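These notes are about the structure you will find just below.
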Amino acid sequence: MAAQIQYADVEVGTELPAASFPVTRATLVQYAGASGDFNPIHWNEKFAKEVGLPDVIAHGMFTMAEAIRVVTDWVGDPGAVVEYGVRFTKPVVVPNDDRGGLIEVTAKVAVKLGDNRVRVDVTAMSAGQKVLGMSRAVVELA
């Protein structure tokens with residue numbers, strides 16, 4: 001695969017298509033099985049509340065992975081992401097109801113770095129709160 005977006009066609013401020021990612025308790029169980037992270041804050045409501053959380057919360061690495069999908073979908077090649085980092089600011093709360101939680105992601109090109117690379121700043125929100133801070137990816141374009 002190769003990046004589908006041309007460096008010359010991108011300007012600082014270019015907005016990537018936004019996306020929303022639902023998160024249910026079933027999603028968390030599937031992720032726990034795949035990652036091996038069975039921390040009870042991600043599946044046991046009673047335990048999560050006992051340790052001071054509002055409810056079960058999504059795994060941080062799951063949240064991070066969902067957020068970068070906006071960038072990989074835009075560029076057309078997950079391998080085009082050469083750097084990615086975030087700070088976890090708030091948890092994604094996942095109630096045990098028909099809807100669960102929702103991660104809403106927007107992103108825009110913040111800097112053209114040269115060598116066909118751009119820095120994309122990603123904003124991830126859930127329940128009106130920013131859940132990732134300093135979320136940035138360096139992407140190599142065509």
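Note that the structure is a prediction, hence the values are computed from the model and not measured. Start at 1 with the first residue, then count along the sequence.
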| message | Between D37 and F62, does the side chain to side chain contact (heavy atoms under 4.5 Å, CB included) criterion hold? Intermediate values first, please. | response | CA-CA 11 Å; D37 182 352; F62 172 81; over 6 Å; no
| Passes side chain to side chain contact (heavy atoms under 4.5 Å, CB included), V122 versus V70? Steps please. | CA-CA 8 Å; V122 179; V70 166; 5.7 Å; no
| Verdict with reasoning, T106 to K108, per side chain to side chain contact (heavy atoms under 4.5 Å, CB included) | CA-CA 7 Å; T106 59; K108 68 179 177 179; over 6 Å; no
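Here the side chain of D115 pairs no donor or acceptor atom with the backbone of R117 at under 3.5 angstrom. Formation of a donor-acceptor pair under 3.5 Å by the Y84 side chain with backbone atoms of M64 is found in this model. K112 places a side-chain N or O within donor-acceptor distance of the main-chain N or O of V10, the cut-off being under 3.5 Å. W43 places a side-chain N or O within 3.5 Å of a backbone atom of F38 that can act as its donor or acceptor partner. Without hydrogens or angle criteria, T14 side chain to V109 main chain gives no donor-acceptor distance under 3.5 Å. Counting only distance, with no hydrogens or angles, the side chain of R25 and the backbone of V94 share a donor-acceptor pair below 3.5 Å.
Distance OG1/T72 to CG/D77: 9.0 Å, rounded to 0.5 Å. Atom CG of L132 is separated from atom NZ of K90 by 13.0 Å, given to the nearest 0.5 angstrom. Taking CD1 of I57 as the start and CG of N39 as the end, the distance is 8.0 Å to the nearest 0.5 Å. Atom-to-atom distance recorded for L102:CG and S126:OG is 6.5 Å, nearest 0.5 angstrom. Taking CD1 of I5 as the start and CG of L141 as the end, the distance is 7.5 Å to the nearest 0.5 Å. How far CZ of R136 is from CD of E83: 11.0 Å, rounded to the nearest 0.5 Å.
Between P95 and G101, the shortest heavy-atom distance links the atoms CD-N, 4.1 Å.
When side chains are defined from C-beta on, E45 counts as touching D55, because their heavy atoms get closer than 4.5 Å. F88 is listed as a side-chain neighbour of M61, based on a closest heavy-atom distance under 4.5 Å.
Below 30°, between 30° and 60°, or above 60°: for H42 and H59 the angle between ring planes is below 30°, a parallel geometry.
Cluster membership check: M125 does not share its hydrophobic cluster with V93, using side-chain heavy-atom separations under 4.5 Å among Ile, Leu, Val, Met, Phe, Trp and Tyr.
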